[in-house]
Amino acid sequence: MSCDFKALATPGVQGLHPYLPGKPVEELERELGISDIVKLASNENPLGPGQQVLSAIEQASKELTRYPDSNGFELKQALCERFALSADQLTLGNGSNDVLDLVGRVFVQSGDEVIYSEYGFLVYALVAQSMGAKAVVTPARDWGHDLEAMAAAVTEKTRVIFIANPNNPTGTWVTESQLRNFMAQVPEHVIVVLDEAYTEYVGHVDFPDGLRLLNEYQNLIVTRTFSKAYGLAALRIGFAAANASITDLMNRVRQPFNGNALALAAATAALSDEDYLARSVALNNEGMAQLESGLEALGLSWIPSVGNFITVDMKTDAMPIYQALLHEGVIVRPVANYGMPQHLRISIGLPEENQRCLDALNKVLSI
Ligand SMILES: *Cc1c(COP(=O)(O)O)cnc(C)c1O
């Protein structure tokens, strides 16, 4: 190869590390020749798709030769009804990662500063770096976001601040009063992105609902996804809600058909299936309790989590434990790339999957 293509890439992209997804079941099957694998590595919904979603997909599949509705009219209508928003506040995305990326493309250029927290969701680092921005990473407090430190880190170069509530991979969260205090300190020309990918799972009374705060804070962008509690990770659909002028900008850079027809139809159906959502949340609460008591019995400690996952302190290099669990047919998630080499993140699964994981941990740790 005569041309050094890497040298042609923008400096931000040259320094990028690809996002490391959870190991797919099929890959482990191929590698180890084992079956009956339990994957608790990507915070997916263990319930499987609901019947209303499957019917909507079947119906929509009859129109596969047509481009999807670029404006996602029906899904936006359903979102507006459900969350008391107007359509000009909504940007649909190919998963919420897509809308996080759009925020970067609209507001961030080389030399700007982007603030996020230590142990914050890795996509924020990807967005900042791919735009050539300087990442300002504030130290975590008790594994979670230190909003005081984040507000104090704002300079005249700050364009965007990313907050995951709750955060992945730590499961930590900020209260409504903490968030309001923070917003009061952030100048209006700094965009605050509140990533609420797991919000449906959280039942605490002082947990903020970002969508209800949009009228008060013009610089707030709230992102949500259908990948977690709504169970549609494979289809890639999420959205951002913000004031109309931010939304207009995000929709200018959006790929016109970034929401595919099956995803649009499925998400619309999923929104109206309240029973599925309730079952997802109930299953998660039970699974969390099951994993917590099992981990306690194993003498392990963890970061208290309000998400659909729990991040466990192995008190030693977690990589060999992760590998040993793979040989037991259990896929969890190492988080060394988050700067947490002694932790493993376990997604909440079905009761029998959680038990398989606890049994495997027990076996692996007693060797
Ligand atoms: C899973 C997750 C998302 C959602 O990703 P999608 O692209 O919508 O599948 C966003 N933010 C955080 C913090 C997540 O963990």
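On a predicted model such as this, the values are computed, not experimentally measured, just so you know. In what follows, residues are counted from 1 in the order of the sequence shown. Whatever order the structure lists ligands and atoms in, that order sets their numbers, starting from 1.
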Can you pull every nitrogen or oxygen pair between ligand 1 and the protein closer than 3.5 angstrom?
from     : atom 1 : to     : atom 2 : distance (Å)
ligand 1 : 7 (O)  : Ser96  : N      : 3.2
ligand 1 : 7 (O)  : Asn97  : N      : 3.0
ligand 1 : 7 (O)  : Asn97  : ND2    : 3.2
ligand 1 : 7 (O)  : Arg236 : NH2    : 2.6
ligand 1 : 8 (O)  : Ser96  : N      : 2.6
ligand 1 : 8 (O)  : Ser96  : OG     : 3.0
ligand 1 : 8 (O)  : Thr225 : OG1    : 2.5
ligand 1 : 8 (O)  : Ser227 : OG     : 3.4
ligand 1 : 9 (O)  : Ser227 : OG     : 2.6
ligand 1 : 9 (O)  : Arg236 : NH1    : 2.8
ligand 1 : 9 (O)  : Arg236 : NH2    : 3.2
ligand 1 : 11 (N) : Asp195 : OD1    : 3.2
ligand 1 : 11 (N) : Asp195 : OD2    : 2.6
ligand 1 : 15 (O) : Asn168 : ND2    : 2.7
ligand 1 : 15 (O) : Tyr198 : OH     : 2.6
ligand 1 : 15 (O) : Lys228 : NZ     : 3.3

Between Trp173 and His204, how do the two ring planes meet: parallel, tilted or perpendicular, split at 30° and 60°? parallel
Over 60° means perpendicular and under 30° means parallel, so classify the ring planes of Phe239 and Phe226, tilted if in between. tilted
I need the Asp273 CG to Gln52 CD distance, nearest 0.5 Å. 4.0 Å
Measure from the ring center of Tyr124 to the ring center of Phe162 and say whether it is less than 6.0 Å. yes
Could you tell me whether Arg141 atom CZ has more than 12 heavy atoms of other residues or ligands within 6.0 Å of it? no
Which other residues end up in the same hydrophobic cluster as Leu54, if Ile, Leu, Val, Met, Phe, Trp and Tyr are linked when side-chain heavy atoms come under 4.5 Å apart? none
